[in-house]
Amino acid sequence: MTITEHAALVRRFAEDFTALQEAVLARMNGISSEETAAALEHASLADPIAIALAHADVLARGDVRRAELSGRPAERLRRLREHARKVRRARSRADAVCKEQRARRTAGLSRPVETLELRVVRAAYPQAYATALREELRDRGVPESTPRVPESDLAQWAWDRQAAGGEPPAPVRALLDHSDDAFVQALLRDAREEENPHLPHDAVVGRWNRHARSALAWGRYAIARAERDVLTRPLTARHAQLDALDDAYQDTAVLAARAREARLRAADLHDRMRACAVAAPVAELVARCRAAALVRFAAAEPESWHGVRELTAGHRADCAERAGGCPHCHHALAAALTGTGEDGDGEDPAAAPADRDRYALLDDLPDTAVVAVADAAVGDESALCGHGWAAEDGTTGHGDSMASNSGEAEVIGICAAALSLLERHGEAPVVVLCDSVQAVKVTNAALERADPAAAHRTLLFPEGRDLMDRLLRHRDRVQVRWLKGHVGHDLNETADALAGLSLRRATGRVSPLAARKEEARILRSLGSGNRPSSAAA
């Protein structure tokens, strides 16, 4: 192949998504020509290949799922599963190539290590430092209305200053003016109706990347609804429902591809921003602003500044990395100053020792309190999830719902357990334990504020939001606490098993008879003196 022919083939693959995907799958199966294989190695095609394989991955899993639900012969199903595994492996390799290429591109963009004192102040006293920086910028003539004035992100400020060359086009401004929900709807229209050419604009791409996962979750929600419709029909009467399921997978494949594109474009923008921030004269300007803000902080907070100076001086005397400016030490030093963990929030419950007595945390409860453990399970293909719970009084429950991720599924499990126990136990207080730190924090935030909106970033779908709305009516009787999972706790293990069973039942992967037998086995294994009762939610 001549250089001209090679370039033409690369250009064709860059412009024709279908041709690219067919070529990538042919190479995966070992049937592509030498010319095609050589063209696919071109560096400019690394990102498009990753996007094409994100699309192909969803379609391959959709083929498997439709085959399972349509009763295809075992040999046909085996071939589809093997193809799906090959696509998943190819996708992982393509993602790795993108990561390697980005690492090579950004190898020279590392920012000079700032003084240790500055990094410690920023980590230990972020609000006070942000105030000092804001004052410095104001004195330098940066108006408060400047887009994203850099309270904590001078790189973004530098980029905004360089990129400011006029108003973005009207369609871009319209996207920026959308509410979050309206923006997600725009992403769904982009995938299902017509591609929006303005999403890759630098002013929009960051938001696109942030919300692409929500749009993809709604695609999985559509798959779950279609899957439920299929399972309501006998095997011989599923043709129309399987067609609807195919449509849902086709839409979700586009959403997955666009989400991957958004991630890659956002990474490219970030790299360009870094290049802007570390290059002269912006790098010098950034350094001057931060150093001046540190002087302002020292004047405003002399006692804190004295502590920083004393601690960093003592640290440098013994640090093995002092020649390099102690590049990784500021988090630990900030934690020593503020008396918190490195994340700044105190003890992380996930780091609690496995042998701690879980019920030491329940000593403050009245004897009338009803205690249960809730858990959840999510699948890969759709938004269907299962949840289960087991209480100290021997009762258990399980059911299925829709969740965008494991965090939402766990919150649904907490709400379902609490609501069931509230109904069963009159005026008794109810305590639900869960092994998900995120779910516990989200639920408690909603309970404490008496506001379901506090959980809306986690609860994307109406099913979970409805459960939270119902739970808040009883907020004075409900507590949610964290429990370390999978350490042999009987109630936790039972809740986990019931959640997994509920997911398999909801997806039709276990027959009703087999499900009843497994449920009976799970309840027997709980080891309660009395046979527990079970309620399907």
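One-based numbering along the sequence shown. Computed from a predicted model, the values in this text were never measured in an experiment.
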Does a sphere of radius 6.0 Å around CZ in Arg119 hold more than 12 heavy atoms from other residues, nucleotides or ligands, not counting ones at 6.0 Å or beyond? yes

Note to self: So Leu187 and His211, do their side chains get closer than 4.5 Å, heavy atoms only?
What the structure shows: yes

Review point. Is the shortest distance from a Lys or Arg side-chain nitrogen in Arg290 or Glu136 to a carboxylate oxygen in the other one below 4.0 Å?
Key: no

Worksheet item: Does CZ in Arg89 sit with more than 12 non-hydrogen atoms of other residues, nucleotides or ligands closer than 6.0 Å?
Response: yes

- Message: Any salt bridge linking Asp180 with Arg207? Criterion: basic side-chain nitrogen under 4.0 Å from a carboxylate oxygen.
- Response: yes

Tell me, do Glu114 and Arg122 make a side-chain contact under 4.5 Å, heavy atoms counted?
yes

Below 4.0 angstrom, N of the basic side chain to O of the carboxylate: do Arg189 and Glu194 qualify? no

Any non-hydrogen side-chain atom of Trp218 less than 4.5 Å from a side-chain atom of Val184?
yes

More than 12 heavy atoms of other residues, nucleotides or ligands under 6.0 Å from CZ of Arg288: yes or no? yes

Taken to the nearest 0.5 Å, the spacing of Asp380 CG from Arg88 CZ works out to 6.5 Å

| query | Hey, are the side chains of Leu422 and Leu471 touching, using non-hydrogen atoms and a 4.5 Å cut-off? | reply | yes

Here the gap from Cys98 atom SG to Arg263 atom CZ, rounded to the nearest 0.5 Å, amounts to 9.5 Å

Testing the 3.5 Å rule here: is there a donor-acceptor pair between the side chains of Tyr129 and Glu301? no

inquiry  = Heavy-atom count check: over 12 atoms from other residues, nucleotides or ligands less than 6.0 Å from Arg322 CZ?
reply    = yes

Hits for side chain to side chain donor-acceptor pair (under 3.5 Å) against Arg102, two or more places apart or cross-chain, chain-then-number order -> Asp271

Quiz prompt | Test: Arg465 and Asp469 ion pair at under 4.0 Å | solution = no

Measure the shortest side-chain to side-chain distance between Thr368 and Pro429 over non-hydrogen atoms and say whether it is less than 4.5 angstrom.
yes

- Query: Is it true that Arg316 and Glu117 have a side-chain N and a carboxylate O under 4.0 angstrom from each other?
  - Reply: yes

Applied to residues 90-100, the salt bridge (Lys or Arg N to Asp or Glu O under 4.0 Å) test, sequence neighbours excluded, yields Asp57-Arg91, Asp95-Arg260

Report, as yes or no, whether the 6.0 Å neighbourhood of atom CZ on Arg213 holds more than 12 heavy atoms from other residues, nucleotides or ligands.
no

* Can you tell if the side chain of Asp435 reaches within under 4.5 Å of the side chain of Lys484, non-hydrogen atoms only? -> no

Check residues 405-413 and write down every donor-acceptor pair under 3.5 Å in which the side-chain atom is one partner and the other belongs to a residue at least two apart or another chain.
residue : atom : partner : partner atom : Å
Asn405  : OD1  : Gly407  : N            : 3.0
Asn405  : OD1  : Glu408  : N            : 2.8
Glu408  : OE1  : Ser404  : N            : 2.9
Glu408  : OE1  : Ser404  : OG           : 2.5
Glu408  : OE1  : Leu460  : N            : 3.3
Glu408  : OE2  : Leu460  : N            : 3.1
Glu408  : OE2  : Phe461  : N            : 3.0

When you look at Asp190 and Arg258, which way does the salt bridge (charged side-chain N to carboxylate O under 4.0 Å, His left out) test go after all the steps? CA-CA 9 Å; Asp190 166 80; Arg258 292 293 270 169; 2.8 Å; yes

Note to self: Any heavy-atom pair between the side chains of Pro452 and Leu472 that's under 4.5 Å?
What the structure shows: yes

Carboxylate-amine/guanidinium proximity below 4.0 Å for Glu135 and Arg138 = no

